[in-house]
Enquirer: 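My questions all concern the structure below.
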Amino acid sequence: MPIEYRTIQEVAGPLMLVRDVQNVAYNELGEIELENGEKRRCKVLEINGTNALVQLFESSAGINLSNSKIRFLGRQMELGVSADMLGRIFDGLGRPLDDGPEIIPEKRMDVNGLPINPVARNYPNEFIQTGISAIDGLNTLVRGQKLPIFSASGLPHAALAAQIARQAKVRGTNEQFAVVFAAMGITFEESNFFIDSFRETGAIDRTVLFINLANDPAIERIATPKMALTAAEYLAFEKNMHVLVILTDITNYADALREVSAARKEVPGRRGYPGYMYTDLATIYERAGRQKGRDGSITLIPILSMPEDDKTHPIPDLTGYITEGQIILSRELYRKGVTPPIDVLPSLSRLKDKGIGEGKTRADHSNTMNQLFSAYARGKDSKELMIILGEAALTEVDKLYAKFADEFERQYVSQGYNTNRSIEETLDLGWKLLKLLPRTELKRISEDLLEQYYDKL
């Protein structure tokens, strides 16, 4: 039976100091019982001798220091997991939000998880089709990869996240595919958008949703991605499913970390964020991957909005170090009406070469990808020259490249949020656009592929 303490010394915001405790461990869960019998959960943030600093998951309002008691439960935060979680909606602490019954857990798992031993990792090398040409064709997502989306305030990353969650699949296999979707610090309106979007398309049947609203406590926001990844680890490594985890918005998560850090009076790092933010983000991102001897996998797409559109801000900067590339959304393309506004040139998937080619996508994928990048880059240069010097200063070939850049954005990148293109459709569209250029300009494509595709289109 846990010992009950009546030694709560002070409460400051979400933090509470308890004196004269025994055998209490860091991260241990606790339960505060108020005078009226109401119970609130908390966890241990710091131990200093016999003093414990605990953080409440709920509001501290109404806690009377002399009449309230606290007991420590001897375990860390856990999530009860079961295959019945698919199709369900939970809050940031894993409690049902959809009026459905409580989950009867097959087992309880520590939400902090265990990092995958690097030696036990399998190299990501299988293509995941998102149905979005700018990702599938040019910045390919590979099973087991961590590929973040860098967005900015006002850009439609929510619509893109919902589209990927609805459309993503592993091709050519009968293996089960699931999506774990965790939203942190979102508005009620955004929450309804995600839920309705999944319900309309039936994608909710293979999805587990964790939703933490903007008015929920910061400590719950910090727990939300850990809850989601714990559910993903269970589905992937216990149930052998391919799991795509989408976390939005990591910026709200980092801001919650900063809030908690400031409440603890820790020495701040860059822009007020705690110095351990890199380590903290790594404990989330590194839970993705594939393990030797297990069929399942976790592929991770964290979404973050860059404050002031600044790629050097600590959150995108540190995320870029830990993950394998980034998809960048462009405000300029968004103003032009391109949907989704993915800027393909600064975007990068470091593992794309491992997931494409014959047997995975198609033999012409690598060649056409390189040629499209090259042609689009030159087309953008031609358009800038046209603005400065006028159209008359361009050669006929430069004018073709400028036209190519416009058509590439209009047809290839801008496909809307309801179009689901197969990789074959994406590659064929790439060839159709390359037909705008003379055959002699296609120097990055082998002769036999030109004969097979360019000459016959």
Enquirer: Under 6.0 Å between the ring centres of His313 and Tyr273?
Expert: yes

Enquirer: Are the side chain of Asp249 and the backbone of Ser305 linked by a donor-acceptor contact shorter than 3.5 Å?
Expert: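 Yes; at least one donor-acceptor contact below 3.5 Å.
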
Enquirer: According to the ring-ring contact (aromatic ring centres under 6.0 Å, His included) rule, which pairs have a member within residues 11-30, sequence neighbours left out?
Expert: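 Output for this query is empty, none listed.
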
Enquirer: Tell me whether Gln415 contacts the main-chain N or O of Ser133 through its side chain, where contact means a donor paired with an acceptor under 3.5 Å.
Expert: yes

Enquirer: Would you call the rings of His365 and Phe127 parallel, tilted or perpendicular, where under 30° means parallel and over 60° means perpendicular?
Expert: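 Judged by the thresholds at 30° and 60°, the geometry between His365 and Phe127 is perpendicular.
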
Enquirer: Determine whether more than 12 heavy atoms belonging to other residues, nucleotides or ligands lie under 6.0 Å from atom NZ of Lys226.
Expert: yes

Enquirer: Does Glu424, at its CD atom, have more than 12 non-hydrogen atoms belonging to other residues, nucleotides or ligands within less than 6.0 Å?
Expert: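 Counting neighbours around CD of Glu424, more than 12 heavy atoms of other residues, nucleotides or ligands fall under 6.0 Å, so yes.
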
Enquirer: Given 3.5 Å as the limit, does a donor-acceptor pair link the side chain of Glu28 with the main chain of Gly74, or not?
Expert: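 Answer holds: yes.
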
Enquirer: Applying salt bridge (Lys or Arg N to Asp or Glu O under 4.0 Å), can you list everything that pairs with Asp91, at least two apart in sequence or on another chain?
Expert: Arg95

Enquirer: Hey, is NZ on Lys292 packed in by over 12 heavy atoms from elsewhere, all under 6.0 Å?
Expert: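 Above 12, so yes.
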
Enquirer: Okay, side chain of Ser349, backbone of Thr140: is any donor-acceptor separation there less than 3.5 Å?
Expert: yes

Enquirer: Would you indicate whether Asn23, at its atom CG, is surrounded by more than 12 heavy atoms from other residues, nucleotides or ligands within a distance under 6.0 Å?
Expert: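 Not buried by this count: 12 neighbours or fewer within 6.0 Å.
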
Enquirer: Sequence neighbours left out, what passes side chain to side chain donor-acceptor pair (under 3.5 Å) with Arg75? Give chain and number order.
Expert: none

Enquirer: So, Lys360 side chain and Lys354 main chain: donor-acceptor pair closer than 3.5 Å or not?
Expert: yes

Enquirer: Could you check, using the six-membered ring where one of them is a Trp, whether Phe181 and Phe198 have ring centers closer than 6.0 angstrom?
Expert: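 Yes, they do, as the ring centres are separated by less than 6.0 Å.
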
